[in-house]
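Just so we're clear, the structure is a prediction, and the values are computed from it rather than from any experiment. Below, read A as the first sequence line, B as the second, and so on, with proteins coming before strands; counting in each chain starts at 1.
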Number of protein chains: 4
Amino acid sequence: MPRVTAAAKARLEGTRRTQILAAAAVVFARKGFDRATVTEIARAAGLAEGSIYNYFRSKEELLVYIPRQLAQPVLAALLEQAPMPATVEEMEALLLRLAGAMVERVRTHSRFLKVFFSALPYLSPAARDTYMQLLPMYASSALERMLREGVRTGYLRKDLNPVIAARVLPGMLMFFLMVQEVLTGRRMVPYGYDEIIPEAVRVFLYGAVPRRRASPAG
Amino acid sequence: MPRVTAAAKARLEGTRRTQILAAAAVVFARKGFDRATVTEIARAAGLAEGSIYNYFRSKEELLVYIPRQLAQPVLAALLEQAPMPATVEEMEALLLRLAGAMVERVRTHSRFLKVFFSALPYLSPAARDTYMQLLPMYASSALERMLREGVRTGYLRKDLNPVIAARVLPGMLMFFLMVQEVLTGRRMVPYGYDEIIPEAVRVFLYGAVPRRRASPAG
Amino acid sequence: MPRVTAAAKARLEGTRRTQILAAAAVVFARKGFDRATVTEIARAAGLAEGSIYNYFRSKEELLVYIPRQLAQPVLAALLEQAPMPATVEEMEALLLRLAGAMVERVRTHSRFLKVFFSALPYLSPAARDTYMQLLPMYASSALERMLREGVRTGYLRKDLNPVIAARVLPGMLMFFLMVQEVLTGRRMVPYGYDEIIPEAVRVFLYGAVPRRRASPAG
Amino acid sequence: MPRVTAAAKARLEGTRRTQILAAAAVVFARKGFDRATVTEIARAAGLAEGSIYNYFRSKEELLVYIPRQLAQPVLAALLEQAPMPATVEEMEALLLRLAGAMVERVRTHSRFLKVFFSALPYLSPAARDTYMQLLPMYASSALERMLREGVRTGYLRKDLNPVIAARVLPGMLMFFLMVQEVLTGRRMVPYGYDEIIPEAVRVFLYGAVPRRRASPAG
DNA sequence: CATGAATGAGATTTCATTCAT
DNA sequence: AATGAATGAAATCTCATTCAT
């Protein structure tokens with residue numbers, strides 16, 4: 001005669017796990033994986049150290065499970081739900097939105113991304129793959145399809161390589177974000193994202209070299 | 001009457017330091033800062049543990065001094081020695097060379113950059129600043145001047161923001177490099193840098209949208 | 001619903017601390033502070049090294065807490081509970097008892113006092129003050145009041161300085177005690193305390209110069 | 001064909017040893033034996049670490065040899081050169097001088113006495129005996145003879161125990177000195193030695209109890 | 001003799017993990 | 001399931017001593 005049903009128990013266990021992982025993420029972000037202590041994580045989770053081990057086999061396992069908790073493919077979703085742009089203008093609007101979401105997302109998770117960069121190079125390959133899914137630029141495959149469609153339709157350059165281009169655009173921004181938000185916490189340039197984003201999109205679409213022409217034949 | 005001249009001694013001491021730093025870089029790259037042990041570094045340097053402390057005050061100091069050993073501002077030098085490009089074609093050639101050097105450089109130091117990303121977020125601000133100088137994209141200020149000149153001369157868009165643009169171009173590539181060379185060691189796209197670099201430069205200069213080639217003066 | 005009540009837990013923790021401090025006192029007395037090792041203290045306490053640190057933050061903290069364990073102000077208590085002596089004879093009896101208690105006390109704690117003398121000069125000022133409270137002669141202020149009263153009443157010299165005198169009497173004995181019991185473990189003189197104490201008290205009260213015996217020619 | 005004669009060499013070696021011991025005394029006094037480092041001693045002596053070992057077998061040997069350097073039996077000499085006092089007044093004058101010299105001496109060597117107390121309890125018996133010679137109160141045997149003479153002559157109490165009394169007088173002062181000068185560096189009483197010394201001598205000679213001045217000739 | 005780099009044993013301290021309650 | 005005291009391996013760092021130069 002169990003007090004709680006198996007389902008409720010599973011739910012509770014899930015809750016506990018979530019609670020621990022959330023605490024671990026916070027602590028890892030603050031201290032880095034190696035410098036975080038289980039005691040500290042337990043305290044942040046409102047539990048005793050020993051209790052952690054009722055839910056996870058080791059400290060390392062906490063690291064591996066965190067992404068599954070946090071990774072919500074918002075960017076990919078955003079792209080997949082968006083209608084395929086049919087003109088340059090639609091594409092530009094979409095890219096601006098995409099870039100904005102990316103910035104937003106990175107800034108929100110910047111503390112966690114610290115852990116990411118800190119721990120990733122030394123994780124097992126399996127854990128590493130799990131982790132890489134987090135990278136916003138993995139939304140790139142959706143973007144890639146759109147670019148390919150733009151090339152096909154003709155409003156993008158015929159010789160544009162959609163595979164590369166789909167990674168180049170996020171890369172433009174990612175570096176600002178990584179340096180500013182994740183690595184140093186300082187600005188690299190005296191501009192806000194409201195100026196950086198449009199400039200990057202503009203460069204991506206139109207290049208640095210001036211368009212000859214507001215020719216009527218455009 | 002010292003057995004060795006001061007100069008010879010300084011040279012020897014410098015050599016020892018170099019030898020230790022090289023060993024530390026290798027071990028840090030393999031294990032990450034926190035997981036590397038002084039014993040291991042000493043063994044890699046062919047010394048006893050205690051000997052490390054004749055040359056560096058602490059394990060952390062090793063980390064701080066490594067960049068001074070490795071950081072040679074090749075990129076900045078490359079840009080500063082290059083003649084100011086006077087046409088789009090000259091600019092394109094320069095950017096291709098610059099991008100190539102950047103890729104080369106990152107790949108060469110990839111093992112060290114692992115340490116960089118791993119340790120940076122948790123270093124003291126002072127050490128962090130020292131470290132940031134390493135980033136190839138800090139060559140950006142030289143590039144910024146060239147872009148500004150291009151805008152002034154007229155072969156680049158009048159409304160191009162040179163500050164942002166000078167960071168956007170390296171950013172395009174940096175993300176490939178970081179993910180492929182530093183973080184995962186795997187390719188993100190089925191192309192080599194011989195294809196990625198020209199494509200990125202092309203996007204940067206001419207954009208993704210086709211030039212309206214219709215114009216007779218085109 | 002905790003397994004053990006808070007009170008029981010506090011008691012247990014107190015016990016553990018006491019147990020560790022006792023072991024530390026023994027080891028410190030045998031080896032001196034700097035030569036004692038935490039491992040040795042732990043072994044003496046029947047614990048593992050790490051366990052010490054569940055109760056004390058550092059080896060130095062052990063040193064600071066030991067006195068709080070041992071210091072019971074028996075001497076001061078003895079003096080304060082004693083009725084104010086009204087005659088020379090009562091004073092003499094009191095001093096004999098006081099001196100006896102002091103000797104007893106120093107001999108009992110001689111091993112610990114070794115640590116005391118060894119460590120004190122190099123402790124932080126705060127720890128040093130804590131330690132000084134241990135010195136039996138800090139009972140002096142109670143003695144000082146009694147001497148002052150004796151001067152007022154008239155059975156002690158009018159020009160006696162009670163402040164100095166109250167330290168001079170314990171000092172007479174302390175040096176025997178320190179040299180014999182604490183520093184060398186050897187006798188300085190071929191007499192037991194049963195002879196030393198009365199002689200010291202006699203010198204203190206009546207001096208070395210013979211009393212001019214109520215002789216009429218005095 | 002030696003450059004220097006054997007005698008000169010011996011002298012030089014003696015000088016070197018003296019120089020090292022002086023440096024060691026300074027450093028031991030500042031840090032205590034265990035916390036002093038050979039490097040520090042060498043630096044204080046203006047030599048390299050290794051050179052110390054050309055003159056002493058170990059760090060501990062430095063400790064053992066220091067007293068031979070410092071111990072000049074000034075107090076004993078003072079007493080032995082003094083004419084045997086024939087009256088209470090002469091004895092009082094002598095004791096005042098003796099006490100003054102003792103205070104002077106302890107204050108001068110207070111830094112070194114720190115080492116003394118720190119190291120003594122843990123030295124080998126042989127080294128300990130060497131050290132004990134330093135104690136000013138070892139001048140006591142000379143004082144003892146004088147007291148015995150005073151008893152014999154009759155100006156001191158017939159039942160005075162000269163052996164004990166000769167240690168009681170220095171002890172009176174030693175405790176002030178030890179606490180104030182060596183252990184804490186703080187005053188125990190708001191009086192200078194110019195008041196403490198006469199009071200102590202007065203108590204020693206005449207006691208705390210007033211002389212029965214009843215005698216007309218008193 | 002002088003030097004000081006090299007050594008490595010040993011000390012303190014941390015912390016992931018276990019397990020009796 | 002929860003606890004947290006106990007553990008002890010392991011890490012960093014110190015320093016007396018040696019020895020080639």
Side-chain angles (χ1 to χ4, degrees), chain A residues 3-4 9 12-13 16 34-43 45-62, chain B residues 1-4 8-9 12-13 16 34-42 45-62, chain C residues 1-4 8-9 12-13 16 34-42 45-62, chain D residues 3-4 9 12-13 16 34-43 45-62:
Chain A
R3 298 278 177 77
V4 289
K9 188 175 151 189
L12 188 66
E13 175 155 336
R16 251 312 128 83
D34 285 295
R35 300 190 180 181
T37 70
V38 174
T39 302
E40 198 176 356
I41 294 167
R43 196 164 42 232
L47 293 171
E49 306 143 71
S51 304
I52 303 282
Y53 290 86
N54 289 329
Y55 298 94
F56 298 93
R57 256 197 289 278
S58 70
K59 181 182 166 190
E60 186 149 16
E61 208 181 73
L62 287 174
Chain B
M1 211 186 316
R3 275 343 105 77
V4 287
K9 185 182 142 192
L12 189 67
E13 176 157 333
R16 221 358 95 82
D34 284 297
R35 298 191 180 181
T37 72
V38 173
T39 302
E40 197 176 356
I41 293 168
L47 292 171
E49 310 148 62
S51 303
I52 302 285
Y53 291 89
N54 290 332
Y55 297 92
F56 298 92
R57 261 195 286 278
S58 68
K59 183 183 166 190
E60 187 155 16
E61 207 180 77
L62 286 175
Chain C
M1 212 187 313
R3 274 345 105 76
V4 288
K9 183 180 144 193
L12 189 69
E13 175 156 332
R16 223 357 97 82
D34 284 297
R35 297 189 183 183
T37 72
V38 173
T39 302
E40 196 176 355
I41 293 168
L47 292 171
E49 312 145 60
S51 304
I52 301 285
Y53 290 88
N54 289 332
Y55 296 91
F56 298 93
R57 261 196 288 279
S58 68
K59 182 183 165 189
E60 187 154 15
E61 207 181 77
L62 287 175
Chain D
R3 299 274 180 79
V4 288
K9 189 176 152 189
L12 188 66
E13 176 156 331
R16 247 318 127 77
D34 285 297
R35 299 191 180 181
T37 69
V38 173
T39 302
E40 199 175 355
I41 294 167
R43 196 164 41 232
L47 292 171
E49 307 144 70
S51 305
I52 302 283
Y53 290 86
N54 290 328
Y55 297 93
F56 298 93
R57 256 198 288 279
S58 69
K59 182 184 166 189
E60 186 149 18
E61 207 180 74
L62 287 174

Among [options], which is the nearest nucleotide to the side chain of [X]?
X: B/Tyr53; options: E/dT13, F/dT12, F/dT3; value: F/dT12
X: A/Arg16; options: E/dA16, F/dA16, F/dA2; value: F/dA2
X: B/Ala48; options: E/dA16, F/dT7, E/dT7; value: E/dT7
X: A/Tyr55; options: F/dT12, E/dC1, F/dA2; value: F/dA2
X: B/Ser58; options: F/dT7, E/dT13, F/dC13; value: F/dC13
X: A/Val38; options: E/dA16, E/dT3, F/dT7; value: E/dA16
X: A/Thr37; options: F/dT12, E/dA16, F/dT7; value: E/dA16

Starting from [atom2] on [N], measure out to [atom1] on [X] and report it in whole angstrom.
X: B/Glu60; N: F/dA11; atom1: CD; atom2: P; answer: 18 Å
X: A/Ile41; N: E/dC15; atom1: CD1; atom2: P; answer: 12 Å
X: B/Phe56; N: F/dT12; atom1: CZ; atom2: P; answer: 16 Å
X: D/Glu40; N: E/dG4; atom1: CD; atom2: P; answer: 17 Å
X: A/Leu47; N: F/dT3; atom1: CG; atom2: C1'; answer: 10 Å
X: C/Lys59; N: E/dT12; atom1: NZ; atom2: C1'; answer: 8 Å

**Study point:** Which residue lies more 5' along DNA chain F, comparing C/Gly50 with B/Asp34 via nearest heavy atoms
**Key:**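 Counting from the 5' end, the first nearest nucleotide belongs to C/Gly50.
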**Study point:** Pairwise 5' ranking along DNA chain F for A/Ile52 and D/Arg57, keeping only the more 5' one
**Key:** A/Ile52
Review point. On a plain distance test, is the side chain of A/Glu49 in donor-acceptor contact with the base of E/dC15 below 3.5 Å?
Key: no
Check your understanding: D/Arg16 and D/Tyr55: which non-hydrogen atoms are nearest, and at how many Å?
Key -> CG-OH, 3.3 Å
**Study point:** Touch class at under 4.0 angstrom, heavy-atom based, for C/Ser51 against every strand present
**Key:** base
Exercise for review: Assign C/Ala36 to base, sugar-phosphate, or nothing according to its heavy-atom contacts below 4.0 angstrom with the strands shown.
Suggested key: sugar-phosphate
Exercise for review: Ignoring backbone atoms, test whether C/Asn54 places a side-chain nitrogen or oxygen under 4.0 Å from the OP1 or OP2 oxygen of F/dA5.
Suggested key: no
Exercise for review: State, with a plain yes or no, whether a side-chain heavy atom of B/Ile52 is found less than 4.5 Å away from one of B/Leu62.
Suggested key: yes
Point to revise | Duplex segments of DNA chain E, taken as runs of at least three Watson-Crick or G-U pairs that stay under 3.5 Å | key: E:2-21 with F:2-21
Exercise for review: Could you grab the distance from atom CD of D/Glu49 to atom CG of D/Leu47, nearest 0.5 Å is fine?
Suggested key: 11.0 Å
